[in-house]
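Quick notes on the structure that follows.
In listed order, ligands and their atoms are each counted from 1. Owing to the predicted nature of the structure, the values given are computational and were not obtained by experimental measurement. Position 1 is the first residue of the sequence, and the numbers go up from there.
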Amino acid sequence: MNALEAREITVRFGGLVAVSDATVEVPATGFTGLIGPNGAGKTTLFNVVGGFLAPERGRVLLGGRDVTRTAPAGRAKLGLGRTFQRLELFGRMSVFDNLLVAAEAGASRLGLAADLLNLPVRRSEERRCARIALDMLDSLDLGWARDRRASDLPVGTARILELGRALCRNPSMLLLDEPSSGLDSAETEVLAGLLRRINAERGVSILLVEHDMDLVMDVCRDIYVLDFGRMIARGAPAQVKADPAVRAAYLGEEDDAAPAAPAGS
Ligand SMILES: Nc1ncnc2c1ncn2[C@@H]1O[C@H](COP(=O)(O)OP(=O)(O)O)[C@@H](O)[C@H]1O
Ligand SMILES: [Mg+2]
């Protein structure tokens, strides 16, 4: 069964059709890519999947279950994690506390009574969350930054911290919106390695939404291409790279985002 399906999604902003009859299927493991030029509708589709935006038409299924009308928090409980194109960290908190808050948000709610009475169950839950946060520091090589304020981090590290926050909730399906945004090529390399490791170690399914093709081509075996809200191509990296419609869609984009010419052309 697919981890995620967005079926025939249409979103309109006034007169503008931002996403038009778009379908994406994401299997339970591995990487799936969603690319397209700026304004193609990637973030809009991402927001529909996350539950931040209701589609005019279409359905969203998580693990086969219809969540089209489920709020973001409900989708998170069903195992959907996400990071945003614009970073959403607690800037004044330390790296460790950012992870701890995320782990606590993902932990089962014990209720006000347990909080007020400081019950043992509450304290053991706190220890468990601290353990999750420490393990995450370790697994993302963020130990050196443990006590730094999030707002003082270089953007590459901040992106990794945001990834860690999403992982602290132990998602089965992870949506990443332009995780390489603002990163240089060396930082993007580090991110790619980290994503591969997370994917292999945790068996989490990842939907990678990216404007830049390189990262997606590097890690994804199956890639969807949006242009002006329409899904214009789907396939393996080499296939998508050579697709005339994809090449046309990226024409006029800056060079680093455009696919390289296929060999022999
Ligand atoms: N809240 C909104 N209100 C009106 N138009 C929007 C809104 N969000 C996005 N759009 C428009 O929808 C289209 C798709 O945007 P977006 O999903 O952000 O594209 P991408 O993430 O692929 O760059 C663009 O034309 C954008 O200007
Ligand atoms: Mg976007």
## Note on the structure
Nearest heavy-atom contact between G33 and V216 is CA-CG1, 4.0 Å
### Message
Please work out, at 4.0 Å between heavy atoms, whether the side chain, the backbone, both, or neither of V209 comes within that distance of ligand 1.
### Response
neither
### Query
Among G14, G39, G15, which one has a heavy atom closest to atom 20 (P) of ligand 1?
G39
## Note on the structure
Rounding to 0.5 Å, atoms CE (M231) and CG (L226) come to a distance of 4.0 Å
### Task
Examine distances only and state if a side-chain atom of D184 and a backbone atom of A186 form a donor-acceptor pair shorter than 3.5 Å.
yes
### Task
Check whether any N or O atom of T43, backbone or side chain, sits under 3.5 Å from an N or O atom of ligand 1, and answer yes or no.
yes
### Task
For ligand 1, find out whether one of its N or O atoms is nearer than 3.5 Å to an N or O atom of A40.
yes
### Query
Where do S94 and R146 come nearest, in terms of heavy atoms and distance?
CB-O, 3.7 Å
### Summary
Min over T44, L53, L226, L45 of heavy-atom distance to atom 17 (O) of ligand 1 lands on T44
### Query
Is T43 close enough that one of its N/O/S atoms sits under 2.8 Å from the Mg ion (ligand 2)?
yes
### Query
To the nearest 0.5 Å, what is the distance between CG (D177) and CG (L207)?
9.5 Å
### Message
As an exercise, identify every atom of ligand 1 less than 4.0 angstrom from a heavy atom of L16.
### Response
11 (C), 12 (O), 13 (C), 25 (O)
### For N38, atoms of ligand 1 separated by under 4.0 Å from a heavy atom
23 (O)
#### Entry: Identified side-chain hydrogen bond (donor to acceptor under 3.5 Å, both in side chains) counterpart of R234 within the set D222, T23, T32
D222
### Query
Could you state the interatomic distance from CD1 (I198) to CG (L176), rounded to the nearest 0.5 Å?
8.0 Å
### Message
With respect to G41, determine whether any N or O atom, backbone or side chain, lies less than 3.5 Å from an N or O atom of ligand 1.
### Response
yes
